[in-house]
Amino acid sequence: MTAPRVRFAPAPTGYLHVGGARTALVNWLFARKTGGTFVLRIEDTDAALSRPALIDVVLRTLDWLGIGWDEGPHRQSERLAYYDLAVNTLLDEGRAYRCDCARDDVEARARDAGRKTPGYDGYCRERALPPGAGAAVRFRTPDEGTVEFDDVVRGHVSFAASDLVDFVIQRADGSPTFLVANAVDDAEMGITHAIRGEDLLNTVPSVLLLMDALGYGPPPTYAHLPLLVDEARKKLSKRRHSVAVEDYREQGYLPEAFVNFLATLGWGPPDGVEIRPLTEIVDLFALEDVTKAGAYFDVKKLDHFNGEYLRALTPDDFVARVTPFFGDATWAPPDFPDERFSRMAPLVQERCVTLADAPALVDFLYLDEPEIDEAAWGKAAQGQAAAVLDDGIAAFEGLDEWRAEALHAALAEVGERHGLKLGKAQAPVRVAVTGRSVGPPLFESLEVLGQERTLARLRAARARL
RNA sequence: GCCCCCAUCGUCCAGAGGCCUAGGACGCCGCCCUUUCAAGGCGGUAACGGGGAUUCGAAUUCCCCUGGGGGCACCA
């Protein structure tokens, strides 16, 4: 058997849809696993989609995900001659015909005829419209028979030819539609396996018919992946969710975590170990094992994956990768990541779900005054807060070594004096110094903040009581 | 409406006739650890949509129903 050739063929809509990323990943896995070639093809036969900026987004995002292609990107907008040739051939052979029906007319006829099925009725089949402007070209679909194929994940699929309408293969402006471009390219590019989303399943018969009419050899083997759905089991939509991979990057997800998570949708490793390097997934992956039912894109689970990957990073790597997420922080110093952050980084790393969580964990180190969360302060200021702050200030003033251990011991002693556990005793101190009730371990935070600033904040808080 | 596809815990995946008292993971709920929060440890909750058929035996095979999804553009 010759080496497989697969393709990822996105329409450049301005962002990479997570479902598209999943499709790309599966194609990539299959290619790597089988020693095949992964072709990238941009489906931009629609002029509105054929813009370099839109295409760049796709390329950059695939790159970010670590999904590299072996060939391409081919652009359908640059291959128009092939499609023209195919359309003309079909026209010459009577397999296609011109049609100038307006959409409204088609609909009106369907209504008048009382047909329940909307769609084109073959009105222009025998009109033999001459070449010229204003007419689209439609493919003459068979009136009877069935179109069947074996899908790697779906199994045997069968369509009645009578259910197929005469679809448009060339628009009135002369541009080809997806269906011809798809048939021609898959054939011309020697694609052996067409792996894509289930939403394209019922375009297969049209493409198969086209390939046959054009005299191409055996069609590719199809594999239709289950759709990614939301909590209501609907296809992920741009309106309601973050569907752009770019959004997840901005939200601080790591590409390796994201890709690993994507691989577990519609497929699972035989040993049940889900979090693992892509290289292992390549070894374990099999197209035949892909699930048929829609898969819910569960961000909670993605979070878990991301946390695991985040904590597994070396400290240096973590700092390097989290740094861009401080770009929007006006308080971040020019030399960021500075020494203060480096000292805090391991503690921050333990507590992040995404990289974007980091700034809020250390902002108090850089702000002149911490931003006090009123609700948190309200709680912390109750009870013996005044006494704890007074004694805490006194104890911290007397420290000759400003180190976490010493601070810990000092505040623990203050707490004991007032019958408070350390957890209780540290509450007012934490809010006073960091502005929040939760955050990295307190004494390490104070150590890095420094004696002077810590005391100033404690005094300010005491004054506020 | 028509066509196609799908159906195991809330969710993702195991399960390819007896190994299932249905397994793992995320979530959720407890408990432990603890300097808050996380992380970590331990335990728990929770599913084969319904009905027939085949079989000694069905989550696993077949049929029907129900439910869900996708598609029916001069988008892809």
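Residue pairs meeting the side-chain hydrogen bond (donor to acceptor under 3.5 Å, both in side chains) criterion with at least one partner in residues 139-151 of chain A, sequence neighbours excluded, are A:Arg125-A:Asp143, A:Glu126-A:Arg140, A:Thr141-A:Asp166, A:Thr146-A:Glu148, A:Glu148-A:His156, A:Asp150-A:His156, A:Asp151-A:His224. Applying the side-chain hydrogen bond (donor to acceptor under 3.5 Å, both in side chains) rule to pairs touching residues 432-442 of chain A yields A:Asp363-A:Arg436, sequence neighbours excluded.
Within 4.0 Å (heavy atoms only), A:Arg430 reaches at least one base atom of the nucleic acid. Using a 4.0 Å heavy-atom criterion, one finds that A:Phe443 contacts the bases of the nucleic acid, with or without backbone contacts as well. Counting non-hydrogen atoms under 4.0 angstrom, A:Gly266 reaches the backbone sugars and phosphates but no base. Within the 4.0 angstrom heavy-atom criterion, only backbone atoms of the sugar-phosphate kind lie near A:Asp289; the bases stay farther away. Residue contacts shown for A:Asn202 include a base, since a base heavy atom lies under 4.0 Å away. A:Gly439 comes within contact range of at least one nucleobase, with a heavy-atom separation under 4.0 Å. Counting any heavy atom pair closer than 4.0 Å across all strands shown, A:Leu201 reaches sugar-phosphate atoms only and no base atom. Within 4.0 Å of A:Thr291, counting heavy atoms only, lie sugar-phosphate atoms of the nucleic acid but no base atom. Note on A:Arg138: only backbone sugar-phosphate atoms sit closer than 4.0 angstrom, heavy atoms only; bases stay farther off.
Under 4.0 Å is where a charged nitrogen must lie from a carboxylate oxygen, and between A:Arg276 and A:Asp271 at least one such pair does. Under 4.0 Å is where a charged nitrogen must lie from a carboxylate oxygen, and between A:Glu447 and A:Arg343 at least one such pair does. Looking at A:Asp185 and A:Arg7, no side-chain N of the basic residue comes within less than 4.0 Å of a carboxylate O on the acidic one, giving no salt bridge.
For the C1' atom pair drawn from B:A76 and B:C63, the interatomic distance equals 37 Å after rounding to whole Å. Spacing of C1' atoms, B:U21 relative to B:G15, comes out at 16 Å, to the nearest Å. For B:G69 and B:U34, the C1' atoms lie 47 Å apart once the distance is rounded to whole Å. B:U45 and B:U11 have their C1' atoms separated by 15 Å, with the value rounded to a whole Å. The separation of B:A16 from B:A53, taken at their P atoms, amounts to 26 Å, rounded to a whole angstrom.
Taking a pair to require two hydrogen-bonding distances under 3.5 Å in either a Watson-Crick or a G-U wobble arrangement, B:C12 pairs with B:G24. If you check B:C2 for Watson-Crick or wobble pairing at under 3.5 angstrom, you find it paired to B:G71. Look at B:G18: its Watson-Crick or wobble partner, with both distances under 3.5 angstrom, is B:C56. Pairing partner, B:A7: B:U66, with both Watson-Crick or wobble hydrogen-bond distances short of 3.5 Å.
Between A:Tyr248 and A:Phe258, the ring planes are tilted. Angles from 30° to 60° get that label. Using bins of under 30°, 30° to 60° and over 60° for the plane-to-plane angle, the ring pair A:Trp402/A:Phe396 lands in the perpendicular bin.
Closest contact between the side chain of A:Ala172 and the listed nucleotides B:C74, B:U35, B:C13 involves B:C74. For A:Ala293, the side-chain atoms get nearest to B:C6 when compared with the rest of B:C6, B:U35, B:A38. In this structure, of B:C4, B:A76, B:U36, it is B:U36 that holds the atom nearest to the side chain of A:Val438. Taking every side-chain heavy atom of A:Val157 into account, B:C4 is the closest of B:C4, B:A39, B:U35. For A:Ala295, taking side-chain heavy atoms from C-beta onward, the closest of the listed nucleotides B:C6, B:A39, B:C13 is B:C13. When each of B:C3, B:C6, B:C5 is scored by its nearest atom to the side-chain atoms of A:Phe159, the top-ranked nucleotide is B:C3.
The distance from the CZ atom of A:Arg311 to the CZ atom of A:Arg351 is 10.5 Å, given to the nearest 0.5 Å. Separation of atoms CG (A:Asn27) and CG (A:Leu40) is listed at 10.0 Å; rounding is to 0.5 Å. Here the CD1 atom belonging to A:Ile67 is positioned 12.5 Å from the CG atom belonging to A:Leu59, to the nearest 0.5 angstrom.
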With 3.5 Å as the limit, what N/O pairs link the protein to nucleotides 23-33 of chain B?
residue, atom, partner, partner atom, Å
B:A25, O2', A:Glu274, OE1, 2.9
B:C26, OP1, A:His304, NE2, 3.2

Look for any protein N or O under 3.5 Å of an N or O in nucleotides 58-62 of chain B and output each such pair with its distance, or none.
none

Distances under 3.5 Å between protein N/O atoms and the N/O atoms of nucleotides 65-69 of chain B, please, pair by pair.
residue, atom, partner, partner atom, Å
B:G69, OP1, A:Lys234, NZ, 2.2

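The side-chain contact (heavy atoms from CB on, under 4.5 Å) test applied to A:Pro315 returns no partner, not counting sequence neighbours.
Between A:Tyr309 and A:Tyr253, the distance separating the two ring centers is not shorter than 6.0 angstrom. Aromatic ring centres of A:Trp69 and A:Phe8: separated by at least 6.0 Å.
Applying the 3.5 Å distance criterion, the base of B:C37 shares a donor-acceptor pair with the side chain of A:Arg351.
The residue among A:Gln170 and A:Ser158 whose nearest nucleotide of RNA chain B is located toward the 5' end is A:Ser158. If you find the closest nucleotide of RNA chain B to A:Val353 and to A:Asp163, the one lying nearer the 5' end belongs to A:Asp163.
Rounded to an integer number of Å, the gap from A:Asp303 CG to B:A38 P is 14 Å.
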- request: Go through the steps to decide whether A:Ser77 and A:Asp44 satisfy the test side chain to side chain donor-acceptor pair (under 3.5 Å), and finish with yes or no.
  value: CA-CA 6 Å; A:Ser77 59; A:Asp44 59 350; 2.8 Å; yes
